[in-house]
Every structure is written in structure tokens, then in C-alpha cells.
Number of protein chains: 2
Amino acid sequence: MNIGAIARVSGLTTEAIRYYEGIGLLPAAKRGANGYRVYSGVDIARLIFLRQARKVGFTIDQCRQLRNLYENPRRKSATVHALVANKLVEVEQHIHELENMRRVLSELISACSNDEQAGCAIIDSLAGSAASDHLGKAKT
Amino acid sequence: MNIGAIARVSGLTTEAIRYYEGIGLLPAAKRGANGYRVYSGVDIARLIFLRQARKVGFTIDQCRQLRNLYENPRRKSATVHALVANKLVEVEQHIHELENMRRVLSELISACSNDEQAGCAIIDSLAGSAASDHLGKAKT
DNA sequence: TGTAAACCTTATAGTAGCTATAAGGTCAAG
DNA sequence: CTTGACCTTATAGCTACTATAAGGTTTACA
Ligand SMILES: [Zn+2]
Ligand SMILES: [Zn+2]
Ligand SMILES: [Zn+2]
Ligand SMILES: [Zn+2]
């Protein structure tokens with residue numbers, strides 16, 4: 001199985017797979033006589049594992065920790081649990097930041113007259129109302 | 001007013017301000033006799049504007065468009081409105097992606113026994129259940 | 001058999017939006 | 001007069017890849 005084939009079954013790109021190998025997230029693949037990387041079933045599982053982890057938001061570094069647990073038969077379920085619970089908190093924080101942005105954007109949109117005029121509540125609001133006398137009047 | 005002072009009032013870092021100038025998002029600042037950048041009221045408004053725009057999620061490129069509108073007295077409110085409405089859609093898409101991650105992470109956490117054992121539903125699930133016979137049994 | 005497409009290889013540069021570092025010059029306080 | 005807080009530029013680093021260049025290999029098919 002060459003890199004293109006395993007890319008298709010794992011859902012990663014060939015470039016990503018080579019990149020993971022380069023940074024040591026994956027072990028160096030075996031090579032065929034022609035120098036091509038050769039993969040087998042155990043590699044498929046590893047790649048799918050990484051793909052899934054990335055998809056739910058784990059960073060490369062966190063994926064490295066997950067991989068260590070994945071490959072350690074003496075791991076404890078609780079260690080894995082803690083890692084995932086941490087990630088959940090991170091994702092929720094990220095969601096809250098974006099929800100704040102969404103709220104502000106909605107408010108801006110509501111305030112805007114959305115017409116042909118130059119005056120715009122969005123512009124005024126972003127500039128900070130105090131600075132709405134913005135152009136041409138410098139006070140050093 | 002030097003760069004440190006305007007950084008404090010605008011909420012940007014000095015490095016970010018110099019970076020914005022370098023990429024042309026800000027006009028080149030005037031310089032004092034010593035070569036230091038010198039800022040005035042009009043610059044404060046511009047920096048606060050950029051800071052606010054970045055805070056609600058606009059990219060540098062979108063900030064450039066917003067800045068053009070901000071500085072164009074013949075702009076139309078509707079143009080600004082469209083830009084912000086677009087950004088709102090982008091932010092909502094980002095939120096939905098993260099909500100998906102959150103859902104999957106929650107499911108993983110619920111399935112995990114969270115104890116001292118090596119068997120872990122999270123590991124199994126990430127590897128794709130079909131690959132749960134993962135280590136040591138290669139089939140090419 | 002020739003050749004063109006579809007693979008594979010490496011190395012390097014680019015993306016976004018900064019932050020950090022190095023190696024200096026300037027200014028205000030004690 | 002020295003210490004520390006500023007300021008300057010240029011350059012490298014960060015994340016997680018993607019894109020490009022410049023090749024070598026394999027497969028298909030006319
Ligand atoms: Zn408007
Ligand atoms: Zn995000
Ligand atoms: Zn939603
Ligand atoms: Zn578990």
C-alpha cells in the first residue's frame with residue numbers, strides 16, 4: 001500500500017502524512033525497492049487515529065500525547081479521560097469567544113441603517129464613539 | 001505620543017502596531033528628531049478601529065477593506081453592512097464546527113470508564129472501532 | 001515500443017498574524 | 001554617570017499544514 005492509497009483510506013493528504021512523519025508524529029515508514037513508502041494495516045489504524053484526533057480539535061502536540069497513550073498497553077483510562085476533558089474545556093472557551101464575536105457582530109448589524117448614506121453606525125461603533133469625529137481633526 | 005503610549009491606549013502591542021505599518025494596514029507614522037514614531041489623536045482612532053475589528057474576528061485583509069470604508073467619506077452604509085453580515089456567517093460556521101467537536105468530545109468522555117484500567121473507549125473510538133485490534137498484528 | 005498520465009521522491013517556500021530575539025541607539029531619573 | 005525604560009531595525013519562530021520545483025517510477029494504452 002503506497003502513500004496515496006493510505007491517504008485515501010485515512011482521509012489525510014499525502015503531504016500531511018509526510019509532514020507527520022517528518023515531525024516524528026508517525027514512525028518512519030518502511031520503503032519499497034523503489035524508495036516508495038509502504039504501509040500496512042497497523043499504519044491505517046494509526047493514521048485514522050490521528051485524523052480523528054485532529055478533527056475534534058487536538059493540536060499536534062496533544063496528538064503526540066494521545067498517540068503515546070494509544071501505543072502504551074499500560075496506560076490508564078483515566079489519563080486519556082483527563083486529556084479529553086481538558087480539550088473539551090479548551091473548545092468551550094473557543095466557542096465562548098466566538099459567541100462574543102457573534103453577539104457584537106449582530107448588534108453592529110442591527111444598528112446599521114443599511115442604505116446609500118455615508119453615515120454608518122458600524123463604522124462609528126468600531127472607531128469607538130468618542131472618536132467619531134475621526135478624520136481631518138488632529139489633536140496632538 | 002510614542003508607540004508605547006499609543007499601544008497602551010489602543011490595546012494593541014507595539015509589535016503589532018509596527019507589523020500593521022509594515023504590511024500597509026497603517027500609514028507610515030511620522031518620526032521625531034530621534035527617529036521615534038510619533039502619534040496623535042487621529043492615529044488613536046485608527047488603532048482602536050483596527051483593534052475592535054480584529055477582536056470581532058475580521059482578518060487583516062477584511063480590516064483593510066473596513067479601513068478603506070472608514071476613511072472614505074463617500075462610502076455607503078450598505079457596503080459596510082454587507083461586510084459585517086458576511087463575517088457573521090463566517091463566525092457562525094466556525095461556531096458550528098466547534099460545536100461538532102464539543103459534541104464528539106462529550107460523547108467520548110461519557111463512554112470512558114475513567115479508571116485505572118488500560119482498556120479505554122476513547123482510544124478505541126478514535127482508532128475507529130474496526131481497528132481496535134491495533135497493535136502487533138500487521139496485515140499487509 | 002513509445003509515451004503520457006499518474007504516481008512517487010526530496011527540499012524549500014509560503015500561508016496568517018503576530019511574538020520573540022538580537023543588537024543596537026535614546027532618554028529620564030537618581 | 002550609570003541604570004533602566006524606552007525606542008529602532010532585521011530576522012527567526014510559532015501552528016499545521018499547502019504549494020511549488022525538479023526530478024524518478026510505474027502503469028496504461030495506442
Ligand atoms: Zn451602517
Ligand atoms: Zn478558531
Ligand atoms: Zn449552533
Ligand atoms: Zn477511557
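Labels below follow one simple rule: chain letters A, B, ... track the order of the sequence lines, proteins then strands, and each chain is numbered from 1.
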Trainee: Is the distance from OP1 or OP2 of C/dT19 to the nearest side-chain N or O of B/Thr13 less than 4.0 Å?
Mentor: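 Affirmative; the distance criterion is met.
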Trainee: When you measure from the side chain of A/Glu15, which nucleotide among C/dG17, C/dT19, D/dT18 comes out closest?
Mentor: D/dT18
Trainee: Would you kindly give the CD1-to-P distance between B/Ile17 and D/dT9, to the nearest whole Å?
Mentor: 13 Å
Trainee: Can you tell me if A/Arg37 touches the phosphate of C/dC8, counting only side-chain N or O atoms and a distance under 4.0 Å to OP1 or OP2?
Mentor: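 No, A/Arg37 has no side-chain N/O under 4.0 Å of OP1/OP2 on C/dC8.
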Trainee: From D/dC17, C/dT19, C/dT10, pick the nucleotide closest to the side chain of A/Tyr20?
Mentor: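 Minimum distance to the A/Tyr20 side chain belongs to D/dC17.
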Trainee: Separation of B/Glu21 atom CD from D/dC7 atom P, in whole Å?
Mentor: 14 Å
Trainee: Let me know the distance between OH of B/Tyr19 and P of D/dT9, rounded to the nearest Å.
Mentor: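 Value for this atom pair: 16 Å.
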Trainee: Side chain of A/Asn2: nearest nucleotide among D/dC17, C/dC8, C/dT9?
Mentor: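 Comparing D/dC17, C/dC8, C/dT9 against the side chain of A/Asn2, the answer is C/dC8.
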Trainee: Would you mind reading off the distance between A/Asp61 atom CG and D/dC14 atom P, rounded to a whole angstrom?
Mentor: 12 Å
Trainee: Considering heavy-atom distances to DNA chain D, does A/Ala16 or B/Tyr36 have its closest nucleotide positioned more toward the 5' end?
Mentor: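 It is B/Tyr36, whose closest nucleotide lies nearer the 5' terminus.
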Trainee: Under 4.0 Å between a side-chain N or O of A/Arg54 and OP1 or OP2 of D/dT15?
Mentor: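 Looking at the OP1 and OP2 atoms of D/dT15, neither is under 4.0 Å from any side-chain N or O of A/Arg54.
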Trainee: Can you tell me if B/Arg31 touches the phosphate of D/dT9, counting only side-chain N or O atoms and a distance under 4.0 Å to OP1 or OP2?
Mentor: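 Checking D/dT9 against B/Arg31, a side-chain N or O does come within under 4.0 Å of OP1 or OP2.
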Trainee: D/dT18 P sits how many Å from A/Ile23 CD1, rounded?
Mentor: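 To the nearest whole Å, that distance equals 12 Å.
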Trainee: Could you check how far CZ of A/Phe58 sits from P of D/dT15, rounded to whole Å?
Mentor: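 Computing the A/Phe58:CZ to D/dT15:P distance gives 17 Å.
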Trainee: Any salt bridge linking B/Arg103 with B/Glu107? Criterion: basic side-chain nitrogen under 4.0 Å from a carboxylate oxygen.
Mentor: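 Between B/Glu107 and B/Arg103 there is a salt bridge, with a charged N closer than 4.0 Å to a carboxylate O.
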Trainee: Below 4.0 angstrom from OP1 or OP2 of D/dT9, is there any side-chain N or O of B/Arg18?
Mentor: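 The answer is no; no side-chain N or O of B/Arg18 sits under 4.0 Å from OP1 or OP2.
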Trainee: Expressed in angstrom and rounded to an integer, what is the separation of B/Leu12 atom CG from C/dC18 atom P?
Mentor: 8 Å
Trainee: Do the side chain of B/Asp43 and the main chain of B/Ser40 share a donor and acceptor less than 3.5 angstrom apart?
Mentor: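 Yes; at least one donor-acceptor contact below 3.5 Å.
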Trainee: Can you tell me if A/Lys76 uses its side chain to pair, donor with acceptor, with the backbone of B/Asp115 under 3.5 Å?
Mentor: no
Trainee: Round to a whole Å and report the spacing from CD1 of B/Ile60 to P of C/dT19.
Mentor: 11 Å
Trainee: Considering just the side-chain nitrogens and oxygens of B/Asn34, establish if one lies under 4.0 Å of OP1 or OP2 belonging to C/dC27.
Mentor: yes
Trainee: Counting N and O atoms only, with roles assigned by atom type, does the side chain of B/Arg31 sit under 3.5 Å from a partner on the main chain of B/Arg37, one being a donor and the other an acceptor?
Mentor: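 Absent.
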Trainee: Check for a donor-acceptor pair, side chain of A/Asn2 on one end and backbone N or O of A/Gly4 on the other, with a separation under 3.5 Å.
Mentor: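 Such a contact is absent between A/Asn2 side chain and A/Gly4 backbone.
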Trainee: C/dT9, D/dA16, C/dT19: which one has an atom nearest the side-chain heavy atoms of A/Thr59?
Mentor: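 It is D/dA16.
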Trainee: Kindly point out which of D/dT26, C/dC8, D/dC17 is positioned nearest to the side chain of A/Ile3?
Mentor: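 For the A/Ile3 side chain, the nearest candidate turns out to be C/dC8.
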